[in-house]
Structure formats: C-alpha cells, structure tokens
**Q** 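A single structure is presented below for examination.
Lettering follows sequence order; numbering is per chain, from 1.
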Number of protein chains: 2
Amino acid sequence: MTKPQLDRSGVRTSRRERVREATLAEIKEIARRHLVEHGSQGVSLRAVAREMGMTAPGLYRYVSGIDALLVLITADMYDDLADHVAAADASVPEQNTDQRILTSLRAFRGWALEHRAEFSTMFGPRNRLDPDSDITAALEAGRRFGATFFTLFDRLVAEQRFEVPPDDEVPADLASELRAFADTVGVATPNVPLGAVMVLSSCWVRLYGVVCMEIFQHLNFVMADMEPLFESELRGVLERVGVEYRPPPE
Amino acid sequence: MTKPQLDRSGVRTSRRERVREATLAEIKEIARRHLVEHGSQGVSLRAVAREMGMTAPGLYRYVSGIDALLVLITADMYDDLADHVAAADASVPEQNTDQRILTSLRAFRGWALEHRAEFSTMFGPRNRLDPDSDITAALEAGRRFGATFFTLFDRLVAEQRFEVPPDDEVPADLASELRAFADTVGVATPNVPLGAVMVLSSCWVRLYGVVCMEIFQHLNFVMADMEPLFESELRGVLERVGVEYRPPPE
DNA sequence: AATGTTTGCTAACGGTGTTCACTAAAGCGT
DNA sequence: ACGCTTTAGTGAACACCGTTAGCAAACATT
C-alpha cells in the first residue's frame with residue numbers, strides 16, 4: 001500500500017498523479033511562454049519537449065495533440081484574466097459600485113495590453129481550437145471571467161440605476177436569444193428583465209469591439225494611441241447604465 | 001523591338017510582364033481557395049505549387065514567402081469586400097440614404113458570414129502578417145473599403161441628421177487622435193466636426209464588435225443565432241445617427 | 001517476486017518554409 | 001541570325017513540424 005494523500009479538493013491523489021500533474025503544469029507553463037514570446041504560431045510540441053528535456057512523442061501521454069494543448073492553456077489564461085479583473089475589483093471599497101465597475105473594465109483592457117498574444121488566442125478567431133477537443137474547460141474558465149462583470153451588473157439592475165427598455169421593445173427573436181444568454185451565463189438575479197440583458201449585451205459588444213480593435217491593431221496606421229477611444233467608449237457605456245465616469249488617474 | 005502593349009493604366013507592359021502577372025494571379029487564387037477550404041493554417045507554398053504543377057522554390061520568384069503571400073491575398077479580400085458593399089450600396093436608389101446605409105451595413109455582415117476564413121484573417125489578430133512585408137497594399141485596400149461608409153456618413157453630417165457633440169465635449173487627447181483618423185482615412189467633407197468623427201468611431205466599434213463576436217464564435221455556446229443581436233446593435237447605431245431602421249426583409 | 005500499468009524513448013512517415021546552385025528558356029540588342 | 005543577359009523554374013538539402021507504432025525501463029500493486 002502506498003501513501004494516499006489528500007488533494008485540497010479532497011480527492012485521493014497518489015504520488016504518480018501528483019508528479020503527473022506537475023509535468024502537465026510544466027508543459028502548459030512552457031507552452032504559454034512560447035506563446036507570448038513567439039506568437040500563436042510559435043508553440044510547438046517539439047520545442048516544448050526539447051526545453052524540458054523530453055522528446056515530442058512523450059508529450060502525447062499528457063496532451064492529445066498541439067491543438068488540445070492550446071485549448072488547455074487558453075483555459076488557464078481565462079483564469080488569469082478572471083483573477084486579474086477580480087483583484088482589481090477587490091481593490092476598491094465594496095460599496096463603491098461605480099468605481100468598482102470602472103476599475104474592473106480598465107483592468108480588462110490593461111490585461112489585454114500586457115498580454116496581447118494571450119488575448120489574441122482567447123478572443124480572436126478560433127483557428128486551431130475548433131476541433132471537438134475538450135473545449136469545455138476553456139468555456140468554463142470564460143464563464144468564470146464573465147461572472148465578475150455580471151455580478152456588478154446585477155447590482156446596477158437591483159439599484160435601478162438606469163432606464164431599462166420595456167419587454168415589448170425587445171424583438172421576439174432577440175428575446176429568446178437573450179434568455180438563453182442569461183441562463184447559460186448565469187446572471188445571478190432571477191427574473192432580470194430582458195431589456196436589461198439587452199443593454200448589457202450592447203455594452204459588452206462595445207467594449208469588446210474597442211479592445212479587439214486595439215489589440216488586433218486595426219487602426220494602427222490611423223490612430224497612434226487607442227486609449228482615448230477606449231475611454232470614450234467606456235464613458236458612453238457607463239453613461240448608458242447610470243454609472244459615474246471618472247477620467248483615469250494621471 | 002518587341003511588341004510593347006499598353007496596360008489599361010497606361011503602363012507599357014511586355015509579354016513577359018503579362019504572363020508573370022497571370023501566374024501571380026493564379027498563385028493568389030489558389031492560395032485563397034486553400035484559405036477558405038482549410039483555414040489560415042492550411043495555406044502552404046508547397047501545396048499551392050503542387051496544385052499548379054510547380055515546385056515550391058519556384059514561387060519565390062513571385063512571392064517573398066508565405067507570410068507575404070497571405071498579405072497579398074488579404075489585400076485582394078479587402079477589394080472583394082469593398083466591391084460587395086459598394087454593389088449593395090449601388091442597388092439602392094441613390095437618394096435613399098437611409099436604405100443605402102442599412103443595406104451596406106447588412107452587406108458587410110453578410111459578406112463576413114459567407115467568408116468566415118477571409119474575415120478572420122482580415123479583421124482578426126495580425127498573426128502572420130506582422131513582419132514588415134509590404135502591408136501597404138492591404139492597408140490601401142482597407143482604406144478603399146472604408147470609403148464606402150465614410151461617403152455615406154458624410155451625407156448624414158451634411159444633412160445634419162443627428163446631434164453632433166460640441167467640440168468642447170471631445171477630450172483633447174481623443175481630439176487629436178480623431179483628427180489623425182479623419183485625415184488618413186480621408187473623410188471627404190473638409191472641416192467635419194470632431195464630434196461627428198467621434199460618433200462615427202463609436203458606431204463602427206459597435207458594428208465591428210458584434211460582427212467579430214459572431215464570426216469568431218465567441219457566444220457560440222451561449223447564443224444560437226447572432227442575427228437578432230446584430231440587428232439590435234444596428235438599430236441602436238442607426239438611431240444614434242438619425243437614420244430610420246427597418247427590419248430585414250422576410 | 002511476479003504482474004500489470006504508466007512513462008518515455010527511438011524510429012519513421014509525411015508535411016512544412018526556405019536557401020542555394022544550377023539549367024533551360026525567353027527576351028534583347030546588334 | 002547571332003550572342004549576351006535576364007529570368008523562370010528545378011532538385012537537393014537543411015531544419016523544422018505533428019503524429020503514430022513499437023519497445024524498454026520505471027513504477028505500483030498484488
């Protein structure tokens with residue numbers, strides 16, 4: 001009988017499973033560094049294996065292929081982003097909803113700026129992630145990321161901060177989509193009006209759009225600094241949901 | 001003396017140059033088909049060469065590498081998109097500005113839906129296009145694409161369709177960026193107020209955002225059909241610039 | 001101690017981008 | 001028509017890549 005230890009989640013974990021978990025973590029760590037250093041194209045099983053003193057086929061004991069590895073680290077990156085945003089949110093007094101939202105959204109952009117390669121693989125086209133590979137992990141991590149914002153948004157709805165479009169102003173086809181969205185994404189407040197979800201979607205689209213434009217460098221030769229445009233959109237979004245905008249510090 | 005013929009642009013073109021142009025066109029055509037059939041990853045010099053009965057090194061007489069080839073076809077794709085939007089625009093009576101805008105914007109999304117792979121390489125992260133390779137061609141094509149919308153937008157400004165924020169509501173740092181934007185992108189109307197450019201940017205960000213979200217499949221497991229959300233954003237955008245929204249036909 | 005399981009290796013196949021030396025052809029000037 | 005020059009394209013080679021199959025050593029369990 002070997003020494004069965006307990007995971008922090010209470011799962012009995014043998015020595016074998018622990019070392020296995022460790023090497024898997026090493027694989028992901030190296031792969032991710034290659035991602036940020038050489039872009040999405042620069043992640044290769046052989047290079048990762050080489051760096052950790054292994055050969056490429058050995059990695060197949062841990063990962064079912066290069067695409068699956070990318071999905072794995074994508075999930076980790078969502079976790080990172082979620083942590084970063086949550087930390088920024090937590091750095092503001094809990095009752096100060098306005099400042100919390102402002103800070104969280106700026107933290108989102110800030111993380112994107114400092115992690116361009118990661119952001120691109122997370123929010124860009126799903127080129128290599130498409131196959132059926134366990135994308136569920138990445139999805140779950142993405143859901144956790146969104147939760148921070150949804151929680152804050154719930155407060156705005158509860159506090160009736162902004163004018164919510166009445167239900168009869170939401171087209172029927174959009175209504176059913178929004179319902180599905182609110183359900184799967186897990187908006188905390190039950191019976192949140194569909195109009196509010198519509199506003200939320202619109203706000204998210206705007207911020208997603210402006211950050212993608214910046215990271216994907218779509219106005220690169222047309223606009224030197226994208227921060228003013230982001231702040232402008234941020235201001236517009238916050239105005240829409242009844243949150244006070246304040247210019248960024250210094 | 002050989003037979004010097006005249007290009008339609010008036011450039012003397014020898015036989016050699018003509019056949020050269022033809023094979024370059026073939027290269028791009030095949031590469032693009034591979035792009036739509038096998039995704040961005042599935043474009044390879046060797047495969048293209050194989051299909052046209054050549055060997056890969058031969059292609060280096062026409063293209064300086066695989067990345068440069070991708071940039072080349074990206075420029076072509078912008079041309080295609082521009083043509084598609086322009087055709088949609090031209091299919092509406094010239095005086096009907098509202099319908100022209102509505103149709104053009106829907107044409108943008110429609111093209112994206114029917115050309116997902118192309119759209120992804122055009123509007124997604126610039127992964128393989130980054131190196132200094134003559135990206136100017138793609139930029140120019142992108143500029144032509146935007147021109148259609150800017151022309152229509154100019155009419156809205158000229159007709160004073162919507163409320164333009166006064167200049168003192170445009171932050172100073174944003175103002176200079178917007179000026180650069182208006183200049184390089186070539187907004188036709190001289191002295192177009194900066195507030196109008198700000199509104200234009202905001203509208204474009206929203207539409208870009210919602211279409212990217214759809215094509216990049218970011219709400220795939222959360223929303224079955226993205227059209228209602230697009231139409232909702234479209235409605236909001238048009239409302240902002242004083243254009244009448246009409247639901248899509250049928 | 002013997003048995004089964006997991007891990008990692010080597011070898012191999014087929015694919016990729018790219019460079020270099022080289023041939024054969026096409027164009028050009030006389 | 002003849003040479004000379006430029007060009008298009010080839011073949012071989014190098015260095016990568018993902019992935020599969022078979023095998024040997026390490027490990028865990030009985």
**Q** Let me know which of Val43(B), Leu35(B), Ile73(B) forms a side chain to side chain contact (heavy atoms under 4.5 Å, CB included) with Thr121(B).
**A**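 The single option meeting the side chain to side chain contact (heavy atoms under 4.5 Å, CB included) with Thr121(B) is Leu35(B).
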
**Q** Can you tell me how far P of dG17(C) sits from CD of Gln41(B), to the nearest Å?
**A**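 For the pair Gln41(B) CD and dG17(C) P, the rounded distance is 11 Å.
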
**Q** Could you tell me how far apart Arg18(B) (CZ) and dT7(D) (C1') are, to the nearest whole angstrom?
**A** 16 Å

**Q** Rounded to whole Å, how long is the line connecting atom CG of Leu69(B) with atom C1' of dT18(C)?
**A**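 Nearest whole value for this atom pair: 14 Å.
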
**Q** How long is the line joining CG of Leu70(B) and C1' of dT16(C), in whole Å?
**A**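 Taking atom C1' of dT16(C) as the reference, CG of Leu70(B) is at 14 Å.
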
**Q** Let's test your reading of the model: under 3.5 Å, does the base of dG15(C) pair with the side chain of Arg46(B) as donor and acceptor?
**A** no

**Q** Given atom CG of Asp67(B) and atom C1' of dT16(C), what is their separation to the nearest angstrom?
**A** 13 Å

**Q** Hey, which of these two, Arg61(A) or Ser44(A), hits DNA chain D nearer its 5' end, going by closest nucleotide?
**A** Ser44(A)

**Q** Side chain of Tyr62(A) only, please: which of dG8(C), dC17(D), dT19(D) is the nearest?
**A** dG8(C)

**Q** Please report the distance, rounded to the nearest Å, between CG in Leu45(B) and P in dG11(D).
**A**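 Taking atom P of dG11(D) as the reference, CG of Leu45(B) is at 17 Å.
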
**Q** Looking at the side chain of Pro57(A), which of dC9(C), dT7(C), dG9(D) is the nearest nucleotide?
**A**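 That would be dC9(C).
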
**Q** Would you mind telling me which of Glu227(A), Glu114(A), Glu231(A) makes a salt bridge (Lys or Arg N to Asp or Glu O under 4.0 Å) with Arg109(A)?
**A**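 The single option meeting the salt bridge (Lys or Arg N to Asp or Glu O under 4.0 Å) with Arg109(A) is Glu227(A).
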
**Q** Looking only at side-chain N and O atoms, does Tyr60(B) come under 4.0 Å of OP1 or OP2 in dT19(C)?
**A**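 For dT19(C), OP1/OP2 do not have a side-chain N/O of Tyr60(B) under 4.0 Å.
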
**Q** Measure from CD on Glu21(B) to P on dT7(D) and round the result to the nearest Å.
**A**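 These atoms are roughly 15 Å apart.
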
**Q** Between dC9(C), dG11(D), dT7(C), which one does the side chain of Thr55(B) approach most closely?
**A** dG11(D)

**Q** In this structure, how many angstroms lie between the C1' atom of dC16(D) and the CD1 atom of Ile66(B), rounded?
**A** 15 Å

**Q** Are Tyr208(A) and His218(B) an aromatic pair by the rule of ring centers under 6.0 Å?
**A** yes

**Q** Any side-chain N or O of Arg50(B) less than 4.0 Å from the OP1 or OP2 oxygen of dT16(C)?
**A** yes

**Q** Considering every strand and a 4.0 Å limit on heavy-atom distances, what is the contact class for Gly42(A): base, sugar-phosphate, or nothing?
**A** nothing

**Q** Just checking Ala47(A): base, sugar-phosphate only, or nothing, at a heavy-atom cut-off of under 4.0 Å?
**A** sugar-phosphate

**Q** Under 4.0 Å from OP1 or OP2 of dT7(C): is there any side-chain N or O of Arg20(A) that close?
**A** yes

**Q** For Arg20(B), does its backbone N or O pair with a side-chain atom of Thr23(B) as donor and acceptor, under 3.5 Å?
**A**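 It does hold such a pair.
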
**Q** Please confirm whether the ring centroid of Trp204(A) lies under 6.0 Å from the ring centroid of Phe108(A).
**A**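 So the answer is yes for these two rings.
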
